[in-house]
**Q** 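So that we are looking at the same thing, I have put the structure below in structure tokens.
Predicted model, so just to flag it, every value in this text is computed and none were measured. Reminder, nothing fancy here: chain letters follow the sequence lines and each chain counts from 1.
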There are 2 protein chains.
Amino acid sequence: MTRSEENYLKTIFHLGGGDSKSITTNAIAEQMETKPSSVTDMAKKLAEKGLVNYVKYQGVSLTDSGVKTALSIIRKHRLWEVFLVEKLDFSWDEVHEVAEQLEHIKSEKLIDKIDELLNFPKYDPHGDPIPTKDGKFQERDKKLLSEMAINATGVCVGVKDSSVPFLKFLDKNKIALGNSIKVLDKEDFDNSLRIQLEGKEMRISHQIASNLYVKKND
Amino acid sequence: MTRSEENYLKTIFHLGGGDSKSITTNAIAEQMETKPSSVTDMAKKLAEKGLVNYVKYQGVSLTDSGVKTALSIIRKHRLWEVFLVEKLDFSWDEVHEVAEQLEHIKSEKLIDKIDELLNFPKYDPHGDPIPTKDGKFQERDKKLLSEMAINATGVCVGVKDSSVPFLKFLDKNKIALGNSIKVLDKEDFDNSLRIQLEGKEMRISHQIASNLYVKKND
DNA sequence: ATCTATTTTTAGTTTTGTCTAAATTTAATT
DNA sequence: AATTAAATTTAGACAAAACTAAAAATAGAT
């Protein structure tokens with residue numbers, strides 16, 4: 001399994017190709033900043049190896065084996081992210097790039113020991129779930145803040161956009177995972193929200209609210 | 001700097017090419033389990049980049065820039081080895097292979113943080129010195145056990161052969177770095193030694209003694 | 001149902017790092 | 001000094017992963 005093959009599988013999974021949904025070569029190319037013709041080549045190679053289903057002009061989806069491989073890479077990526085934040089004091093906007101490299105290290109023992117050192121975390125620094133060793137992947141029950149009703153309360157548990165600028169924005173405004181949130185009011189005009197964050201009242205734009213995940217209180 | 005280039009520089013350094021000594025393409029090829037013709041190709045490329053001095057038919061040596069790069073890779077390799085042993089309970093015979101991968105991760109911040117986490121260790125698990133961030137590389141004053149005089153005492157500080165079988169042999173015989181050693185007697189016939197290791201008397205073969213480094217007591 | 005516009009694939013190149021086989025240079029021996 | 005053996009380089013080829021440009025297939029619109 002080459003690094004490039006691993007990156008393709010990961011990308012196809014992230015685009016939804018794990019649910020036997022067909023992903024177009026164009027979509028993959030765009031996501032990976034490469035050309036569709038390169039994707040076609042790789043699709044053939046991965047199909048040859050039994051990792052994807054590929055039908056000409058129809059796109060690709062992951063086989064069971066492909067899903068398993070993709071999940072193991074995602075598991076490594078997210079565990080390394082936790083490691084960088086928890087053990088080495090990286091900030092959550094710095095971890096992605098380094099984890100992109102670390103995820104390709106080949107040693108089952110290494111990643112299992114890292115998992116143990118971190119006390120088997122369930123979520124990465126951006127709130128994304130970490131697949132278990134045996135490939136179980138459990139999405140949390142969460143909602144975009146922008147979709148919550150007035151007066152509903154919850155806890156901030158993740159980000160949809162995990163780009164550096166967005167993460168830095170959240171830091172600057174002291175919005176962090178684990179914070180309690182209550183929706184006070186919604187502005188029809190620009191869809192901005194008035195919220196209470198850890199008791200403090202503040203106003204946030206629709207763009208922010210539609211990129212923050214909240215776990216609703218029951 | 002590609003992974004392959006890094007591996008060449010590291011190998012040339014280990015073969016002594018850091019002291020403006022010329023290393024033959026054959027020696028490099030043998031060490032790296034590749035072919036001399038491949039080494040020639042890479043020698044040209046590295047010379048092009050100013051990392052080695054290469055004269056046709058004469059071999060290669062590292063430039064200052066090449067030494068600096070080699071040391072930074074060796075630094076990473078050895079720090080990762082310490083990390084694996086100290087933080088993840090790897091045994092000293094398991095670390096090399098994984099460190100060969102980790103040494104190529106590109107992030108200055110990552111390795112500096114690992115260094116800090118480990119409290120700036122000076123030696124790796126096999127007793128080899130860890131270059132500092134600014135490229136200082138200090139060999140310890142050490143001697144092969146086989147070269148010590150009768151009645152001399154010291155501390156076991158390193159191994160010359162760091163192959164898995166030798167390291168496992170040492171484990172099995174409870175010989176570890178940090179152990180105190182006194183040479184009791186030398187057998188002329190087979191060059192075996194009687195030694196006192198941490199107070200316990202034992203006999204070891206010449207082959208073992210000529211692969212164990214000792215720091216003599218003053 | 002036909003015609004475009006778009007998407008996707010094919011064919012042919014490129015780069016990196018490797019290899020084999022042949023040619024060349026150096027070193028060793030007489 | 002000539003000859004041979006060994007080491008080294010050159011030339012040509014290959015595989016992986018990418019690209020460009022051209023060809024083919026699909027989908028959308030009338």
Side-chain angles (χ1 to χ4, degrees), chain A residues 1-17 20-62 66 69-70 73 100-101 103-106, chain B residues 1-17 20-62 66 69-70 73 100-101 103-106:
Chain A
M1 178 79 15
T2 68
R3 179 172 296 226
S4 185
E5 287 171 347
E6 291 185 348
N7 284 331
Y8 273 96
L9 293 178
K10 194 180 50 156
T11 300
I12 295 166
F13 184 91
H14 281 136
L15 290 173
S20 66
K21 180 180 143 204
S22 250
I23 311 298
T24 65
T25 49
N26 243 9
I28 297 166
E30 186 168 345
Q31 181 74 25
M32 298 185 73
E33 300 189 300
T34 181
K35 303 290 167 181
S37 55
S38 307
V39 178
T40 301
D41 288 346
M42 185 56 85
K44 286 177 183 168
K45 204 212 290 194
L46 293 174
E48 197 67 39
K49 295 193 174 192
L51 293 161
V52 304
N53 307 113
Y54 169 57
V55 184
K56 264 194 198 183
Y57 297 102
Q58 307 269 115
V60 297
S61 63
L62 297 174
T69 307
I73 299 156
E100 286 281 303
Q101 298 182 63
E103 73 189 4
H104 298 292
I105 302 289
K106 282 166 182 52
Chain B
M1 177 82 12
T2 69
R3 178 170 300 224
S4 185
E5 288 170 346
E6 291 185 348
N7 284 330
Y8 273 95
L9 293 178
K10 193 180 50 156
T11 300
I12 296 166
F13 184 91
H14 281 137
L15 291 172
S20 67
K21 180 181 142 201
S22 250
I23 311 298
T24 65
T25 50
N26 243 10
I28 298 167
E30 188 168 342
Q31 181 73 25
M32 297 185 73
E33 300 188 301
T34 181
K35 303 291 168 183
S37 55
S38 306
V39 178
T40 301
D41 288 345
M42 186 55 86
K44 287 177 184 167
K45 205 214 289 196
L46 293 174
E48 197 66 41
K49 294 193 174 191
L51 293 161
V52 304
N53 307 113
Y54 169 57
V55 185
K56 263 196 199 179
Y57 297 101
Q58 309 267 116
V60 297
S61 64
L62 297 174
T69 308
I73 299 156
E100 287 281 300
Q101 298 181 62
E103 72 189 6
H104 299 292
I105 301 290
K106 282 166 183 51

**Q** Taking only side-chain nitrogens and oxygens of B/Y54, does any of them come within less than 4.0 Å of OP1 or OP2 of D/dT9?
**A** yes
**Q** Would you say that A/R3 contacts B/R3 through its side chain, given a criterion of any heavy-atom pair below 4.5 Å between the two side chains?
**A** yes
**Q** May I have the step-by-step check of side chain to side chain donor-acceptor pair (under 3.5 Å) for A/E6 and A/H104, ending in yes or no?
**A** CA-CA 8 Å; A/E6 291 185 348; A/H104 298 292; 2.5 Å; yes
**Q** Does a side-chain N or O of A/Y8 approach OP1 or OP2 of D/dA18 to a distance below 4.0 Å, or not?
**A** yes
**Q** In whole Å, I'd like the distance from the CD atom of A/E30 to the P atom of C/dT6.
**A** 15 Å
**Q** Whole angstrom is fine here: how far is it from OH in B/Y57 over to P in C/dA27?
**A** 12 Å
**Q** Does the side chain of B/T40 get closer than 4.0 angstrom to OP1 or OP2 of D/dT9 through an N or O atom?
**A** yes
**Q** By nearest heavy atom, map B/N26 and A/T2 onto DNA chain D; which one lands nearer the 5' end?
**A** B/N26
**Q** Kindly say whether B/T34 contributes a backbone atom to a donor-acceptor pair with the side chain of B/S38 at under 3.5 angstrom?
**A** no
**Q** Give a yes/no on whether any side-chain N or O of A/S37 is located under 4.0 angstrom from OP1 or OP2 of D/dA18.
**A** no
**Q** Mind checking if B/T25 touches a base, just sugar-phosphate, or nothing, with heavy atoms under 4.0 Å?
**A** sugar-phosphate
**Q** Respond yes when some side-chain nitrogen or oxygen of B/K35 is under 4.0 Å from OP1 or OP2 of D/dT8, and no when none is.
**A** no
**Q** Nearest-Å distance, CD (A/Q58) to C1' (C/dT7)?
**A** 12 Å
**Q** Without decimals, in angstroms, what is the distance between B/N7 CG and C/dT18 C1'?
**A** 14 Å
**Q** In whole angstrom, give the distance that lies between atom CD of A/E5 and atom C1' of D/dA15.
**A** 13 Å
**Q** CG of B/D41 versus C1' of C/dT18: gap in Å, rounded?
**A** 8 Å
**Q** Below 4.0 angstrom from OP1 or OP2 of D/dT10, is there any side-chain N or O of B/K56?
**A** yes
**Q** Considering residues at least two apart in sequence or located in another chain, which fulfil the ring-ring contact (aromatic ring centres under 6.0 Å, His included) criterion with A/F13?
**A** A/F137
**Q** Looking only at side-chain N and O atoms, does A/S4 come under 4.0 Å of OP1 or OP2 in D/dA16?
**A** no
**Q** Between B/E5 (side chain only) and B/T2 (backbone N and O only), is there a donor and an acceptor less than 3.5 Å apart?
**A** yes
**Q** Can you tell me the distance, in whole Å, between the CD1 atom of A/I28 and the C1' atom of D/dA18?
**A** 16 Å
**Q** Ignoring hydrogens and angles, does a donor from either the side chain of A/T24 or the base of C/dT8 sit under 3.5 Å from an acceptor on the other?
**A** no
**Q** For a quick test of reading the model: is some side-chain N or O of B/K44 closer than 4.0 Å to OP1 or OP2 of D/dT10?
**A** yes
